[in-house]
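One structure below.
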Amino acid sequence: MNWHEKNAEFNALIKQLFHDNDWQKRAEAARQLGMLKEGRATNLMCRALRSENDYIVINKIIEALGRIGDGRATLRIIEKLKEEQEKNEIDKFRIIYILESLIKLKDKRALSYLGPLLDSSDENIKNLALKAFDVIEPNWKEIIERERTKSIQEIFKPKE
């Protein structure tokens with residue numbers, strides 16, 4: 001596939017993600033954009049993540065952003081994590097999509113937000129949070145040991 005064909009496909013998928021009335025087609029567009037691994041889709045998909053209302057489409061966008069691997073998506077995904085943590089009843093599957101994407105992004109800015117998940121009562125979430133720490137900061141246990149007086153959030157707080 002030449003550049004013009006790829007570009008036309010990319011543009012069609014972006015249009016579908018933002019404008020299709022069928023949630024299934026929007027979810028499929030998000031999935032395919034993730035498969036393309038085009039960094040130029042990141043900002044547009046972050047914007048779609050903020051405006052999308054359908055549960056499944058949001059999960060597909062989060063998954064696709066992780067697959068693309070562009071760190072510019074980290075803060076928008078963290079925004080979704082914070083929204084989820086503020087709910088009375090968290091959605092385990094949304095948290096799992098978020099954790100898996102953050103593992104792929106390997107952005108240290110996520111660590112302070114993932115700290116509370118290390119104490120999750122759900123084993124899958126707890127194990128994924130541990131994996132995220134292991135992947136993003138392999139020496140995290142030693143860092144915590146050195147900084148005993150501080151919380152995980154304080155230790156890994158992103159520098160401004």
Side-chain angles (χ1 to χ4, degrees), residues 10 13-14 17-18 23 26-27 29-160:
F10 174 83
L13 290 170
I14 291 292
L17 178 65
F18 279 96
W23 68 266
R26 292 194 313 277
R31 189 187 72 74
Q32 287 184 27
L33 283 164
M35 298 302 264
L36 289 176
K37 295 184 179 181
E38 286 274 352
R40 63 188 171 139
T42 302
N43 287 339
L44 291 166
M45 291 185 76
C46 285
R47 202 169 84 202
L49 185 59
R50 184 174 265 171
S51 63
E52 182 60 56
N53 293 316
D54 186 88
Y55 169 84
I56 294 173
V57 178
I58 290 171
N59 288 348
K60 289 296 176 189
I61 293 171
I62 291 169
E63 182 180 35
L65 286 168
R67 182 168 278 136
I68 292 169
D70 188 332
R72 292 177 294 171
T74 303
L75 297 179
R76 183 71 66 232
I77 293 172
I78 287 170
E79 210 173 84
K80 286 296 178 188
L81 175 64
K82 289 195 286 191
E83 283 175 24
E84 199 56 47
Q85 289 173 325
E86 289 171 4
K87 292 180 181 176
N88 289 334
E89 202 167 307
I90 67 163
D91 179 342
K92 173 183 173 177
F93 296 108
R94 170 76 43 85
I95 298 290
I96 288 172
Y97 275 107
I98 289 169
L99 282 167
E100 288 174 344
S101 287
L102 292 173
I103 288 169
K104 290 175 185 168
L105 291 171
K106 298 178 184 167
D107 190 328
K108 291 183 181 186
R109 294 176 294 176
L111 293 176
S112 68
Y113 301 97
L114 297 178
L117 298 176
L118 292 171
D119 297 324
S120 176
S121 59
D122 184 283
E123 281 301 309
N124 289 332
I125 291 174
K126 186 176 185 174
N127 289 335
L128 268 176
L130 285 167
K131 180 179 178 184
F133 269 84
D134 288 340
V135 169
I136 296 169
E137 179 57 74
N139 301 323
W140 69 277
K141 290 177 184 171
E142 291 87 11
I143 293 169
I144 290 173
E145 191 63 33
R146 269 197 319 262
E147 304 279 341
R148 282 187 203 140
T149 60
K150 296 180 182 176
S151 70
I152 289 178
Q153 287 77 13
E154 291 172 319
I155 295 169
F156 294 109
K157 182 179 184 198
K159 293 175 180 43
E160 313 268 312

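Everything quoted here is computed from the prediction, not taken from an experiment.
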Atom [atom1] in [X], atom [atom2] in [Y]: separation rounded to 0.5 Å?
| X | Y | atom1 | atom2 | value |
| --- | --- | --- | --- | --- |
| L49 | I61 | CG | CD1 | 5.5 Å |
| R26 | F18 | CZ | CZ | 11.0 Å |
| F93 | N124 | CZ | CG | 8.5 Å |
| L111 | Q153 | CG | CD | 10.5 Å |
| S112 | I155 | OG | CD1 | 11.0 Å |
| S120 | L128 | OG | CG | 10.0 Å |

Of all the heavy-atom pairs spanning [X] and [Y], show the shortest one and how long it is.
| X | Y | value |
| --- | --- | --- |
| D54 | I56 | OD2-N, 3.0 Å |
| I152 | G115 | CG2-CA, 3.8 Å |
| L17 | E52 | O-OE1, 4.4 Å |
| G71 | D107 | O-OD2, 3.7 Å |
| I90 | Q85 | CG2-CA, 4.2 Å |
| G34 | I68 | CA-CG1, 4.1 Å |

Item to check | Residue pairs involving residues 40-49 (criterion salt bridge (Lys or Arg N to Asp or Glu O under 4.0 Å); sequence neighbours excluded) | outcome: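 Passing the test, one end in residues 40-49: E38-R40.
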Keeping [X] on the side-chain end and [Y] on the backbone end, is there a donor-acceptor pair under 3.5 Å?
| X | Y | answer |
| --- | --- | --- |
| R94 | Y55 | yes |
| R50 | R76 | no |
| S101 | I62 | yes |
| N139 | E142 | no |

Item to check | Note: E79-K82 ion pair, threshold 4.0 Å (strictly below) | outcome: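 No, this pair does not count.
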Checklist entry - Who passes side chain to side chain donor-acceptor pair (under 3.5 Å) against E83, sequence neighbours left out? => result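 Partners of E83 by the side chain to side chain donor-acceptor pair (under 3.5 Å) criterion, ordered by chain and then number, come out as K80.
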Checklist entry - What residues form a side chain to side chain donor-acceptor pair (under 3.5 Å) with D70, not counting sequence neighbours? => result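 Here the qualifying residues are T42, R72.
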Checklist entry - Would you call the rings of W140 and F133 parallel, tilted or perpendicular, where under 30° means parallel and over 60° means perpendicular? => result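 Because their plane-to-plane angle lies in the 30° to 60° range, the rings of W140 and F133 count as tilted.
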Would you say the side chain of [Y] lies within less than 4.5 Å of the side chain of [X], judging by non-hydrogen atoms?
| X | Y | answer |
| --- | --- | --- |
| R146 | I143 | yes |
| E100 | E63 | no |
| L130 | L118 | yes |
| T74 | L102 | yes |
| L81 | I77 | no |

Item to check | Criterion salt bridge (charged side-chain N to carboxylate O under 4.0 Å, His left out) on E84 and K87, from CA distance to verdict | outcome: CA-CA 5 Å; E84 199 56 47; K87 292 180 181 176; 3.1 Å; yes
Next on the checklist: Tell me whether K108 at atom NZ has more than 12 heavy atoms from other residues, nucleotides or ligands lying less than 6.0 Å away.
Outcome noted: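 Open: at most 12 neighbouring heavy atoms sit under 6.0 Å from NZ of K108.
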